[in-house]
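Data block below; observations after.
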Protein chains: 2
Amino acid sequence: MNAAGQPARTRIQREKRDLILEAALDVFSQQGYRGATIDQIAEAAGMSKPNLLYYFRSKDAIYQALIHGLLDVWLAPLRELDSVGDPLVELRAYIRRKLEMARDFPRESRLFANEILQGAPHIMALLEGELKPLVDEKADIVKGWIRAGKIASVDPWHLIFSIWATTQHYADFDTQVRVVLGPLKGGDGRFEDAARFLEGLFLDGLRPRA
Amino acid sequence: MNAAGQPARTRIQREKRDLILEAALDVFSQQGYRGATIDQIAEAAGMSKPNLLYYFRSKDAIYQALIHGLLDVWLAPLRELDSVGDPLVELRAYIRRKLEMARDFPRESRLFANEILQGAPHIMALLEGELKPLVDEKADIVKGWIRAGKIASVDPWHLIFSIWATTQHYADFDTQVRVVLGPLKGGDGRFEDAARFLEGLFLDGLRPRA
DNA sequence: CGCATTTTTTACCGATTGGACAAACGGTAG
DNA sequence: CTACCGTTTGTCCAATCGGTAAAAAATGCG
């Protein structure tokens, strides 16, 4: 009997499948789908290639399981965006949550970045079926805030894009960020600097305050 | 004699090399370095694989020539950022130039995004030797503007990051942008919408103006 | 223990990859 | 015509790829 059948029956199967997905996240997020090899993932998971293929029937099956299991986590910060409460506070909290995601889950961020860069061949259906409705729903909330005069009149979709772009940048372009900022002096200064800057930018922009 | 020697002597060599680089930009920007194959590039360039290898000694040589030749173009908008003139006008112009680059050269943007995502293995030296000094120089200009009270007191490096992130997002994540925004109604509305939003964001932020 | 089931390893396969190489082609000057 | 030059093609190769098959080893269980 093959363990690659959907429901993970035994304890070992659950554990090994998790181990493989963890290793696959490492490799796929660094090399992209085509750049990654089963051998690399197997080695990162501490097992042989045929052994890995005992738990997942193919490279594609690993990738699918990985990216499908991650989308919910990835969209969680946006899901939390609520219409009650002060809009500026809500948006600031959303920006901070996304920035925390970029800090705590950079591999996940790079995995999605790679996927979208290649034209989202594996998750196009998910983008249309899950992402777009969610974004539209949250855009409606933003529109409500604008109508109520709580925030400036801006395009809600582009606002969401800009929050995505600026926060994920710190995960996806981490290499470049490190080169430009140089070696960090100590502590988690980098994160707080970015958070402070983004909050200032999104709240008040660059125009000098009197 | 092999044409892969650095200086392109004949007219045909210059033309064919350009043709190959153009095709390579197509393929590399869509598939990434490892995902691209010499065969794909050769076919896109309308020649056989051995013929292509007559003009470039290896896949890596194509990639190197491509990415090195592109860095200057890519950094041109930042180079134009000048200390004279109104800071807010200068920054707005820079944002618009970068956005135009994302619109007119999306393949170049994705090529760099892919490269940085993989940890910049081919251009790390260039990032340190060219990109970082340039960014530091421009950061000094921004600092001068802040000292003069011309713009709000923000971190210059994170400001540059945010401009890069928001503008390049429209090239790198084009697939996602298209899904979320749906089919465009007509004309080049998308670009103008993004430009208007970003200008508003960077100038005044989201806080409602009285 | 003995037996059945699950897990792991060894050996292997066909396809694709980057690349080498020599033969063949084509224009041009003598 | 011929010799020579840069160019192009056809053929081949070793390495690597995703994946399979079957034997061997662990493991769970009465």
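Naming: A, B, ... by sequence-line order, numbering from 1 per chain.
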- To the nearest Å, how far apart are B/Met47 CE and D/dG10 P? 15 Å

- Query: Relative to the ring of A/Tyr33, is the ring of A/Tyr63 parallel (under 30°), tilted (30 to 60°) or perpendicular (over 60°)?
  - Reply: perpendicular

- Task: Please report, rounded to the nearest Å, how far the C1' atom of C/dT9 is from the CD atom of A/Glu43.
- Result: 17 Å

- Message: Using a strict threshold of under 4.0 Å (side-chain N to carboxylate O), is an ion pair present between B/Lys143 and B/Asp140?
- Response: yes

- Item | A/Tyr55 side-chain N/O to C/dT8 phosphate OP1/OP2 under 4.0 Å | yes

- Against the side chain of A/Thr37, the closest entry in C/dC21, D/dG18, C/dT8 is D/dG18

- Query: Looking across every strand, which nucleic acid part, if any, lies under 4.0 Å from A/Ala61 by heavy atom: base, sugar-phosphate, or nothing?
  - Reply: nothing

- Message: Categorize A/Ala42 for me: base, sugar-phosphate, or nothing, with a 4.0 angstrom heavy-atom threshold over every strand shown.
- Response: nothing

- I would like to know whether A/Leu159 and A/Leu91 meet side chain to side chain contact (heavy atoms under 4.5 Å, CB included); could you show each step before the answer? CA-CA 10 Å; A/Leu159 169 59; A/Leu91 284 170; 4.3 Å; yes

- Output yes when A/Glu199 and A/Lys98 qualify as a salt bridge under the 4.0 Å nitrogen-oxygen rule, no when they do not. no

- Among the candidates D/dT11, C/dT9, C/dG18, find the nucleotide nearest to the side-chain atoms of B/Ile38. C/dG18

- Query: Does A/Ser48 have a side-chain nitrogen or oxygen under 4.0 Å from the phosphate oxygens OP1 or OP2 of C/dT9?
  - Reply: yes

- In whole Å, what is the span from the CZ atom of B/Arg14 to the P atom of D/dG6? 15 Å

- Spacing of B/Ile62 atom CD1 relative to C/dG19 atom C1', expressed in whole Å: 12 Å

- Query: Tell me: CD1 of A/Ile20 to P of C/dT7, nearest whole Å?
  - Reply: 11 Å

- Query: Just by distance, do the side chain of B/Glu115 and the backbone of B/His122 share a donor-acceptor pair under 3.5 Å?
  - Reply: yes

- Please determine if a side-chain N or O atom of A/Gln13 lies less than 4.0 Å away from the OP1 or OP2 oxygen of C/dT7. yes

- Message: From CG of A/Leu53 over to P of C/dC13, roughly how many Å is that when rounded to an integer?
- Response: 18 Å

- Item | Closest listed nucleotide, where the reference is the side chain of B/Pro50 and the choices are C/dA20, D/dT8, C/dT17 | C/dA20

- How long is the line joining CG of A/Asp39 and P of D/dA15, in whole Å? 16 Å

- Closest of D/dT20, D/dT11, C/dG19 to the B/Lys59 side chain is C/dG19

- Output the single nucleotide from C/dT8, D/dT20, C/dC21 whose closest atom is nearest the side chain of A/Asn51. C/dT8

- Message: Is the phosphate of D/dT7 approached by B/Tyr54 (side-chain N or O, under 4.0 Å from OP1 or OP2)?
- Response: yes

- Message: Return whichever of A/Lys49 or A/Leu52 has its heavy-atom-nearest nucleotide of DNA chain C closer to the 5' end.
- Response: A/Leu52

- Between P of C/dT7 and CZ of A/Arg17, the distance in whole Å: 12 Å

